[in-house]
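Worksheet: one structure, shown below.
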Number of protein chains: 2
Amino acid sequence: MALEHAILVSLAEKSASGYDLARRFDKSIGHFWKASHQQIYKVLARMEGEKWVEAHLVEQTGRPDKKDYAITGEGRDELRRWTTEATPPEALRSEFAVKVRGMRFGDRDAVVDGIRNRRDEHRSKLDYYLADSAKNFSEPTSLPAELAGAYLVLRGGIRAEQTGLEWCEEMLNYLDSAARSDR
Amino acid sequence: MALEHAILVSLAEKSASGYDLARRFDKSIGHFWKASHQQIYKVLARMEGEKWVEAHLVEQTGRPDKKDYAITGEGRDELRRWTTEATPPEALRSEFAVKVRGMRFGDRDAVVDGIRNRRDEHRSKLDYYLADSAKNFSEPTSLPAELAGAYLVLRGGIRAEQTGLEWCEEMLNYLDSAARSDR
DNA sequence: ATTCCCATGTAATTAGTTACATGATTCG
DNA sequence: CGAATCATGTAACTAATTACATGGGAAT
């Protein structure tokens, strides 16, 4: 149940409306934690009940009014407490891996196509991360301390995409030569 | 909703009881798809209704009777159809990454401890995979075609653990020198 | 004596997804 | 004129987790 904490982290960085949060969960923090706007509104309401956040109505002209959510003292306490908790290993659920494992019961060419797609997705995500890195973290040795977390997570993203990409290439290579040796 | 398909893959490899499946989902296939026994029994019942699997009661002495589940022709059709489907990118949910990103709002030492733990987990999982690889896939070039899927998935696991391990080491290194330069 | 293995479930709850709903404004 | 952006939600459903339940046999 860590969507709460992902929201706390995001609001601790900067107050936001539910809508803003939904967009953040499509980009920055969303690269390692996905959430829909429906889920965000639901959880925000619960968090307001727990006094972890408070809403301030912002009246706007020309566009709908919005609620700006800010983290409270209690929210900060909870966030701090949570960082001292052990993080359980995430439950892996890779449909892609299941499909590769089960390829011998299915359509081999379709699975190979799927691997090529996955490879391309890794490539473009890697490019995106590398651009982000070049833009925002060109000199990681002289980084202000408060940016360390964001930098390190981005490093993890880069490594993960690189590895995913290399894995796909290895698979395509292997399956390609296996196909050739069949002839 | 791919637990169904993970079960189909597992049963296509070899028939099993719900209990057997639960143990497989703790080991081999469970390395990339986690499921509890409760969830497995529930889904098996649904799959029996859909005629993807059929149960045969096996009476035993000295231990409880069990139901042996086998994949049906319809189950094999569904499995084949599923391999031709596009695989949506998995929704990332890394509580660990959220915690690293939010470390500046919490207890830095506790987070660093958490990274060390994670590093150790990656190390032991990597060792486990490498042992598996040495034992079962010592000569990947001359592998029977039906083992290709299992081999490639294991390669992915090895790469993922290696990368996770290196990421943790990079973070510890970075945070360590950042701590030193604070003095 | 206690705990682990075998074996299969139900019940209650929480988390997440998908579909539906509304309505003004701005951009092409 | 249609689509996208801003903004907030409800309702129905599916998937998954946690807790509870049973009971014999084997091992420590």
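The residue among A:Pro64 and A:Ser36 whose nearest nucleotide of DNA chain C lies closer to the 5′ end is A:Ser36. Comparing A:Arg23 and A:His37, the nucleotide of DNA chain D nearest to each residue sits closer to the 5' end for A:Arg23.
Not a single donor-acceptor pair, N or O on each side, falls under 3.5 Å between the base of D:dT8 and the side chain of A:Lys42.
Using a 4.0 Å cut-off, no side-chain N or O of A:Arg63 falls inside it from OP1 or OP2 of C:dG23. The side chain of A:Tyr19 contributes no N or O atom lying less than 4.0 Å from OP1 or OP2 of D:dT8. Within the structure, a side-chain polar atom (N or O) of B:Ser17 is placed less than 4.0 Å from OP1 or OP2 of C:dT8.
The listed nucleotides are C:dG16, D:dT18, C:dT8; the one nearest the side chain of B:Lys67 is C:dT8. For B:Tyr69, the listed nucleotide lying nearest its side chain is C:dG9; candidates were D:dA16, C:dG9, D:dG23. Counting only heavy atoms from C-beta on, B:Leu3 has its side chain closest to D:dA16 among D:dA16, D:dC6, C:dA7. The side chain of A:Trp33 lies closest to C:dG16 when the candidates are C:dG16, D:dG9, D:dT17. Listed candidates were D:dT8, C:dT18, C:dA7. Nearest to the side chain of A:Gln38 is C:dT18. Considering only side-chain atoms of B:Arg93, the nucleotide from C:dC6, C:dT17, C:dT8 that sits closest is C:dT17.
Rounded to a whole Å, the CD atom of B:Gln39 is 12 Å from the P atom of D:dT18. Put simply, NZ on B:Lys66 is 17 Å from P on C:dC5, counting in whole angstrom units. Atom OH in A:Tyr41 sits about 18 Å away from atom P in C:dT18, given to the nearest Å. Taking atom CG of A:Asp20 as the reference point, atom C1' of D:dT5 lies 12 Å away to the nearest angstrom. When the P atom of D:dA7 is taken as reference, atom CD1 of A:Ile40 falls 14 Å away, rounded to whole Å. Distance B:Leu21 CG to C:dC6 C1': 15 Å, rounded to the nearest Å. Rounded to whole Å, atom C1' of C:dG23 lies 13 Å from atom CG of A:Asp65. Distance, A:Leu44 CG to D:dT10 C1': 16 Å, rounded to whole Å.
By the 4.0 Å N-to-carboxylate-O rule, B:Lys125 lies too far from B:Glu121 to be salt-bridged with it. Using a cut-off of 4.0 Å between Lys/Arg side-chain N and Asp/Glu carboxylate O, A:Arg24 and A:Glu13 are scored as not salt-bridged. For B:Arg123 and B:Glu169, the salt-bridge test passes: some basic side-chain N is under 4.0 Å from an acidic carboxylate O.
Ring orientation note: the planes of A:Phe96 and A:Trp167 are nearly perpendicular, at an angle over 60° on the 30°/60° scale.
Using modelled atom types and a 3.5 Å distance limit, the side chains of B:Glu78 and B:His5 yield a donor-acceptor pair.
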